Amino acid sequence: MKRVTAFVSVWLCVALSPIFAWADGMVVDKVYHPYVLPNEKAAEWRLHSRQTDTKNYLAQRFGLGFAVAEGLAIEGFAIGERNPNDRDNYDLAAFEGEVRWQIVEQGKYWADWGLLFELEKRTKESAYEATTGLIFEKEIGRTSLTMNAFLIREWGKDIEDEWESEFRAQYRYRLVPAFQPAIEIYAGQDFFGIGPGFIGLYRFEGQRQLKWEAGFISEIGHNGKDHSFRLALEYEY
């Protein structure tokens with residue numbers, strides 16, 4: 001555990017260093033939990049809608065994934081986005097590969113930890129994005145605190161080469177498995193948002209289960225309208 005603590009401390013010092021800019025683009029997204037089920041297979045759909053005073057962004061992603069080893073899962077996504085300047089132009093915008101690694105046994109230490117690695121390629125631009133994320137979760141009575149800190153590298157001929165960082169948090173009350181209200185926080189470049197979230201889980205026979213999430217996030221760091229709505233469904237089997 002000392003090695004995990006030392007690694008986490010160094011990682012946070014690097015990710016939250018002022019030499020890295022906050023991430024731009026669509027900051028509101030899924031708050032990751034550090035757990036990987038044995039032999040899990042998953043199909044996932046996410047929707048994100050963001051409205052500002054001048055533009056309306058819409059993105060969806062479809063993913064398929066599975067566990068490749070104990071505590072290690074991979075997932076691939078196809079990402080569709082609507083051009084905010086042309087509401088009729090909706091296109092396949094990017095592909096993304098993701099690796100989740102549960103690095104400690106659930107409940108063995110004072111908190112649970114995981115790592116996330118992502119690589120995204122835009123389909124019509126020379127633009128790449130690599131992400132390393134640290135995932136933290138701690139149960140406090142009937143509540144759970146989950147935090148994600150991301151270190152992001154962007155590069156390509158059609159994008160400025162830069163390092164960025166991003167932060168997400170979710171404080172959830174485990175009322176009943178099917179309905180768990182939460183408060184969510186998202187921070188990125190020119191964006192600090194907070195709002196309610198709702199998480200639910202329905203278990204079928206065996207390992208099959210359906211997770212759902214929804215959130216309504218308002219940016220509070222600037223004047224003007226900037227609201228985001230997110231919705232996600234994940235079927236694990």
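Small disclaimer: the values here were computed from a predicted structure and weren't measured.
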**Report entry** For Q207 against Y237, the heavy-atom pair lying closest together
**Finding:** NE2-O, 4.1 Å

Query raised in the report: Atom OG1 in T52, atom NZ in K225: separation rounded to 0.5 Å?
Result: 7.5 Å

Requested in this report: Quickly, which of R203, K211, K41 forms a salt bridge (charged side-chain N to carboxylate O under 4.0 Å, His left out) with E236? Name it, please.
Outcome: K211

Query raised in the report: Do Q209 and L201 have side chains that get closer than 4.5 Å, going by heavy atoms?
Result: yes

Distance-only criterion, 3.5 Å: show the donor-acceptor pairs between side-chain atoms of residues 65-77 and protein atoms not counting sequence neighbours.
none

Query - Interatomic spacing from CH2 in W45 to CZ in R61 - rounded to 0.5 Å - result: 13.0 Å

Query raised in the report: Who passes salt bridge (Lys or Arg N to Asp or Glu O under 4.0 Å) against K30, sequence neighbours left out?
Result: E44, E234

Query - Check: T123 side chain, A93 main-chain N or O, donor-acceptor pair, under 3.5 Å - result: yes

Report task. State the CD-CD distance between E162 and E129, to the nearest 0.5 angstrom. Result -> 9.5 Å

Requested in this report: Please check if L58 and L233 belong to a single hydrophobic cluster, counting links between Ile, Leu, Val, Met, Phe, Trp and Tyr side chain heavy atoms closer than 4.5 Å.
Outcome: yes

Report task. Would you indicate whether the side-chain heavy atoms of F136 and W113 approach each other to under 4.5 Å? Result -> yes

Query raised in the report: Roughly how far apart are E96 CD and I79 CD1, rounded to 0.5 Å?
Result: 4.5 Å

Query raised in the report: Under the 3.5 angstrom rule, does the side chain of Y186 hit a backbone N or O of D29 as a donor-acceptor pair?
Result: yes

Query raised in the report: When you measure from the side chain of R208 to the backbone N and O of Y235, does any donor-acceptor pair fall under 3.5 Å?
Result: no

Query raised in the report: Does a side-chain heavy-atom distance below 4.5 Å link I199 with Q170?
Result: yes

Query raised in the report: Are L47 and F229 side-chain neighbours, meaning at least one heavy-atom pair lies under 4.5 Å?
Result: yes

Report task. Decide whether W101 and L134 are clustered together by the hydrophobic rule: side chain heavy atoms of Ile, Leu, Val, Met, Phe, Trp, Tyr closer than 4.5 Å, transitively. Result -> yes

Requested in this report: Report the distance from atom CD1 of I217 to atom CZ of R50, rounding to the nearest 0.5 Å.
Outcome: 12.0 Å

Report task. Before accepting this row, confirm whether a basic side-chain N of the pair E213/R230 lies closer than 4.0 Å to the acidic partner's carboxylate O. Result -> yes

Query - Exercise: identify the closest heavy-atom pair between R168 and V27 - result: NE-O, 3.8 Å

Query raised in the report: Is there side-chain contact between E125 and I159, with heavy atoms separated by less than 4.5 Å?
Result: no

Query raised in the report: Closest heavy-atom contact between F117 and L115?
Result: CE1-CB, 4.0 Å

Query raised in the report: Taking a hydrophobic cluster as the set of Ile, Leu, Val, Met, Phe, Trp and Tyr residues connected by side-chain heavy atoms closer than 4.5 Å, whether directly or through intermediates, do F62 and Y90 fall within one such cluster?
Result: yes

Report task. Indicate if W110 and Y35 have the same hydrophobic cluster label, given that clusters are the connected sets of ILVMFWY residues with side-chain heavy-atom separations under 4.5 angstrom. Result -> no

Query raised in the report: Hey, quick one: are I152 and L116 part of the same hydrophobic cluster, counting side-chain heavy atoms closer than 4.5 Å, chains of contacts allowed?
Result: yes

Query raised in the report: Any idea which heavy atoms bring P34 and G114 closest together, and the distance?
Result: CB-N, 3.6 Å

Query raised in the report: Quick check: does any side chain N or O of Q102 sit under 3.5 Å from a backbone N or O of V104, one acting as donor and the other as acceptor?
Result: yes

Query - Cluster companions of I220 among Ile, Leu, Val, Met, Phe, Trp, Tyr (side-chain spacing under 4.5 Å) - result: I183, I185, F192, I194

Requested in this report: For atom CH2 of W212, decide whether the heavy atoms of other residues, nucleotides or ligands shown that lie under 6.0 angstrom number more than 12.
Outcome: yes

Query raised in the report: Can you tell me how far CG of N148 sits from OG1 of T131, rounded to the nearest 0.5 angstrom?
Result: 11.5 Å

Report task. Answer yes or no: does atom OH of Y202 have more than 12 heavy-atom neighbours from other residues, nucleotides or ligands under 6.0 Å? Result -> no

Query - Enclosure of N223 CG (heavy-atom neighbours >12, cutoff 6.0 Å) - result: no

Query raised in the report: Does any donor atom in the side chain of T146 or R172 lie under 3.5 Å from an acceptor atom in the other side chain?
Result: no

Query raised in the report: Pick from V28, L231, N56: which one makes a side chain to side chain contact (heavy atoms under 4.5 Å, CB included) with S49?
Result: N56

Query raised in the report: Do you know the tightest heavy-atom contact between D53 and G224?
Result: OD2-CA, 3.3 Å

Query raised in the report: Is the shortest distance from a Lys or Arg side-chain nitrogen in E81 or R122 to a carboxylate oxygen in the other one below 4.0 Å?
Result: yes

Query raised in the report: Under a 4.0 Å N-O cut-off, is there an ion pair linking E40 with R100?
Result: yes

Requested in this report: May I ask you to decide if R174's main-chain N or O and R142's side chain share a donor-acceptor pair within less than 3.5 Å?
Outcome: yes

Requested in this report: Given side chain to side chain contact (heavy atoms under 4.5 Å, CB included), test D161 with R153 step by step and report yes or no.
Outcome: CA-CA 8 Å; D161 294 0; R153 175 63 176 172; 3.8 Å; yes

